[in-house]
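Report on one structure; see the data block that follows.
Reckoned from all heavy atoms, side chains included, excluding hydrogens, waters and symmetry mates.
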Amino acid sequence: MLGFVSAHIAWNAISNLELRRSYKALSNDLVRPSATTLSNICRRKYALTVDAIKKQLPIRNKVSLALDGWTSMNKLAITSVIAYTMDRHWALREVQLALNEVNRLLCSRFEC
């Protein structure tokens with residue numbers, strides 16, 4: 001699944017006969033999940049991630065949001081949304097809410 005997500009490959013590509021043959025060539029006992037299975041795994045992981053983020057945010061406390069942007073070493077433009085809050089001991093806490101690659105068309109317009 002990680003390979004599909006990181007390579008921006010559609011879930012239904014797993015149904016491609018040649019891709020399935022290449023998986024089988026790697027290992028006969030390698031599990032080749034369906035597109036539906038990959039999608040369900042992704043949904044479950046997403047729900048777990050959202051729950052973990054919610055647990056890190058205070059229930060009755062003010063939160064400051066910050067937007068950060070940078071360009072990586074391999075020329076990817078990245079944006080991040082971070083929530084900052086103070087705990088009861090006045091320690092600064094931060095929770096990353098989002099991390100996205102900036103659209104290449106938008107980036108080229110503003111020369112990221």
Side-chain angles (χ1 to χ4, degrees):
M1 185 174 106
L2 183 59
F4 275 79
V5 172
S6 63
H8 302 286
I9 298 173
W11 297 133
N12 62 357
I14 197 68
S15 302
N16 179 285
L17 184 60
E18 293 304 318
L19 184 61
R20 293 186 78 76
R21 282 184 185 153
S22 62
Y23 271 114
K24 190 171 185 173
L26 291 171
S27 174
N28 248 352
D29 60 344
L30 184 66
V31 177
R32 294 174 301 275
S34 68
T36 302
T37 301
L38 285 174
S39 181
N40 289 338
I41 291 169
C42 190
R43 282 192 183 103
R44 281 195 302 272
K45 295 281 188 187
Y46 176 79
L48 290 172
T49 302
V50 168
D51 288 342
I53 289 172
K54 284 180 180 179
K55 287 178 184 174
Q56 293 180 50
L57 293 172
I59 295 173
R60 291 189 176 96
N61 203 348
K62 296 187 184 227
V63 174
S64 295
L65 296 177
L67 177 65
D68 191 10
W70 67 94
T71 303
S72 67
M73 297 288 282
N74 57 351
K75 304 294 184 195
L76 294 176
I78 308 291
T79 60
S80 176
V81 179
I82 303 167
Y84 291 96
T85 187
M86 303 293 277
D87 69 11
R88 64 184 183 171
H89 304 290
W90 291 94
L92 182 63
R93 302 284 179 214
E94 65 179 66
V95 179
Q96 186 169 358
L97 302 177
L99 179 75
N100 291 309
E101 182 180 348
V102 175
N103 183 315
R104 291 178 192 266
L105 293 174
L106 179 64
C107 190
S108 65
R109 182 175 179 190
F110 294 104
E111 299 187 26
C112 294

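In this structure, the side-chain contact (heavy atoms from CB on, under 4.5 Å) partners of Leu67, at least two apart in sequence or on a different chain, are Thr79, Val81. Residues passing the side chain to side chain donor-acceptor pair (under 3.5 Å) test with Thr36: none are found, sequence neighbours excluded. When the side chain to side chain donor-acceptor pair (under 3.5 Å) test is applied to Ser72, the partners found at least two apart in sequence or on another chain are Asn74. Ala66 pairs by the side-chain contact (heavy atoms from CB on, under 4.5 Å) definition with Tyr84, not counting sequence neighbours. Arg43 meets the side chain to side chain donor-acceptor pair (under 3.5 Å) test with Ser39; sequence neighbours excluded. With sequence neighbours excluded, the residues that form a side-chain contact (heavy atoms from CB on, under 4.5 Å) with Trp90 are Met86.
Proximity of Leu97 to Leu65: side-chain heavy atoms (C-beta onward) are separated by under 4.5 Å at one or more points.
Each salt bridge (charged side-chain N to carboxylate O under 4.0 Å, His left out) pair with one or both residues in residues 83-99, not counting sequence neighbours, appears once here: Asp87-Arg93. Sorted by first and then second residue, the side chain to side chain donor-acceptor pair (under 3.5 Å) pairs with a member in residues 49-59 form an empty list; sequence neighbours excluded. Here salt bridge (charged side-chain N to carboxylate O under 4.0 Å, His left out) pairs that include residues 77-86, with residues two or more places apart or in two chains, number zero.
Here the closest non-hydrogen pair linking Leu76 and Glu101 is CD2-OE2, 3.2 Å.
Counting side-chain heavy-atom gaps under 4.5 Å among Ile, Leu, Val, Met, Phe, Trp and Tyr, the cluster of Val50 also holds Tyr46.
To the nearest 0.5 Å, atom CG of residue Leu99 and atom CD1 of residue Ile82 are 9.0 Å apart.
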